[in-house]
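Because the structure is predicted, anything quoted here is derived from the model rather than measured. Values reported hereafter were calculated over all heavy atoms of this structure, with side chains retained and with hydrogens, waters and symmetry mates removed. Quick note on labels: first sequence line is chain A, next is B, and so on, each numbered from 1.
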Number of protein chains: 2
Amino acid sequence: MSLRSALLALLRIGPMSGYELQKQFSQSVGHVWHAPDSQIYPELRKMATEELIVAEEQTRGSAGMRRVYHVTEAGEQAFIDWMNGPLKYQRTRDAAHLRAAYLESADQASVYAFLNEHISHWESELQVWEDEIATIEALESPMLNRRLAVTADADREVTIAYKKFAYEGLAARARSEIEWAQRGLQLSKRLERTAAETSP
Amino acid sequence: MSLRSALLALLRIGPMSGYELQKQFSQSVGHVWHAPDSQIYPELRKMATEELIVAEEQTRGSAGMRRVYHVTEAGEQAFIDWMNGPLKYQRTRDAAHLRAAYLESADQASVYAFLNEHISHWESELQVWEDEIATIEALESPMLNRRLAVTADADREVTIAYKKFAYEGLAARARSEIEWAQRGLQLSKRLERTAAETSP
DNA sequence: GCGGGCATGTAAACGGTTACATGATTCA
DNA sequence: TGAATCATGTAACCGTTTACATGCCCGC
């Protein structure tokens with residue numbers, strides 16, 4: 001149900017087409033909840049049949065078609081219910097840490113490659129989130145600004161604060177992953193040296 | 001392929017039945033890569049047809065049956081290949097942080113409930129990992145000890161070090177999540193007070 | 001005799017990935 | 001005229017979740 005909630009969260013900002021939503025998912029929001037277009041379009045159709053959203057169909061040129069979706073009362077309620085209800089935690093399935101537990105079975109070169117790739121992966125994620133935080137602080141986030149335009153003055157600070165809070169959590173996680181992999185590189189070097197000393 | 005790798009990693013420790021593997025998955029290993037029994041039994045069957053493992057069939061009493069699996073040469077190679085190959089990172093899909101970004105739409109009570117639940121969730125995960133680290137350090141981990149028994153002296157330190165390293169990474173993540181949610185509680189209190197002051 | 005742990009699965013549904021597929025509009 | 005971007009999907013497959021299903025062995 002989280003894909004649905006993510007879509008509703010975006011549509012609450014303002015009516016959007018599947019294509020526009022997909023663009024958002026490939027950017028900032030997609031780094032919290034990823035979804036490819038092949039999942040977005042069918043889900044929007046499903047939500048429309050359940051009347052959580054309604055499509056305003058626009059013709060484009062002679063044959064083109066564009067469906068702009070609006071959140072209905074029922075959709076708004078579904079989102080609020082999701083926000084106030086309990087959250088299901090999916091069980092951990094962490095390939096990197098699984099592999100880390102058995103690194104003694106990998107070649108030394110593969111250990112370095114693995115840890116360095118882990119660092120690059122999380123550094124690029126960190127970059128996205130730090131940029132997003134900076135954009136929010138500078139009040140230059142298009143989506144957030146659209147939302148703020150329809151938000152009561154008193155609620156603006158709260159809206160901004162929670163958005164920053166969310167991204168800061170993801171950034172903290174990324175930093176934790178990077179530090180961990182860096183400790184891993186040091187550990188690996190130390191173990192290699194030890195091995196060389198004991199069996200020369 | 002990670003479920004498969006996790007199963008191979010455990011079976012490399014020593015031959016085990018589906019039931020024993022399932023027990024391991026519901027304990028320490030399962031907190032890195034969760035898998036229910038309904039996934040384990042069919043996967044073992046599949047791996048057996050692909051000859052990565054072989055089943056030693058034992059009858060139990062009159063009708064009972066027990067299949068103890070051994071890793072074959074091909075299975076060992078498949079594991080080593082997985083260890084040395086690149087790792088696929090699954091795209092982020094984090095319901096907690098998604099919700100956090102829109103907390104202004106939740107009731108104040110739900111915000112507290114959500115953050116407190118996040119804290120309990122990660123505290124219990126942290127507990128598991130810290131216990132596991134302590135068990136490893138005290139050389140009291142049954143699975144690790146079985147592995148060490150068939151490991152050359154020179155490789156023991158490495159085996160222990162990487163296992164601890166893996167669990168430390170997970171513990172660090174848990175701590176990061178707990179701290180984040182605690183900052184969230186403080187933020188939420190501050191915002192509530194601000195709101196009360198501006199519109200009394 | 002009964003409860004708990006041992007032992008094995010099947011089946012349906014759901015969510016996500018990957019590949020395939022098409023065509024229109026807009027601007028250089 | 002051709003490339004980029006807008007715009008919309010389908011289909012097959014795979015992995016995961018949830019629920020269902022059965023029955024033996026051992027110790028109390």
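Applying the salt bridge (Lys or Arg N to Asp or Glu O under 4.0 Å) rule to pairs touching residues 98-109 of chain A yields nothing, sequence neighbours excluded. Pairs of residues two or more places apart, or lying in two chains, that qualify as salt bridge (Lys or Arg N to Asp or Glu O under 4.0 Å) and include a residue from residues 130-148 of chain A are A/E130-A/R175, A/E137-A/K164. For residues 18-32 of chain A, the pairs satisfying salt bridge (Lys or Arg N to Asp or Glu O under 4.0 Å) are A/E20-A/R66, with sequence neighbours left out.
Protein atom CE of A/M47 is 13 Å distant from nucleotide atom P of C/dG15, rounded to whole Å. When rounded to the nearest whole Å, the span between CD of B/Q58 and P of C/dT8 equals 9 Å. As a whole-Å value, the separation of B/Y19 OH from D/dC24 P is 16 Å. Atom CD in A/E57 sits about 10 Å away from atom P in D/dT8, given to the nearest Å. Here the C1' atom of nucleotide C/dC20 and the OH atom of A/Y41 are 15 Å apart, to the nearest Å. Computed from coordinates, the B/R66 CZ to C/dA7 P distance equals 5 Å when rounded to whole Å. To the nearest angstrom, P of C/dG15 lies 15 Å from CD1 of A/I40. Rounding to whole angstrom units, CZ of residue A/R4 and P of C/dC14 are separated by 11 Å.
Of the two residues near DNA chain C, B/R67 and B/K23, the one whose nearest nucleotide lies more 5' is B/K23.
For the pair B/K46 and B/E50, the salt-bridge criterion is not met [side-chain N within less than 4.0 Å of a carboxylate O].
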Name the pairs: protein N/O against N/O of nucleotides 15-19 of chain D, kept only if under 3.5 Å.
from, atom 1, to, atom 2, distance (Å)
D/dT16, OP2, B/Q39, NE2, 2.4
D/dT16, O5', B/Q39, NE2, 3.4
D/dT16, O3', A/R93, NH1, 3.4
D/dT16, O3', A/R93, NH2, 3.2
D/dT17, OP1, A/R93, NH2, 2.9
D/dT17, OP2, A/R93, NH2, 2.5
D/dT18, OP1, A/K88, NZ, 3.4
D/dT18, O4, B/S38, OG, 2.6

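When the salt bridge (Lys or Arg N to Asp or Glu O under 4.0 Å) test is applied to B/E76, the partners found at least two apart in sequence or on another chain are B/R12.
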Contacts under 3.5 angstrom, residues 186-193 of chain B side chains, donor-acceptor by atom type, not counting sequence neighbours:
from, atom 1, to, atom 2, distance (Å)
B/S188, OG, A/Y162, OH, 3.2
B/S188, OG, B/Q108, NE2, 2.8
B/E192, OE1, B/Y112, OH, 3.0

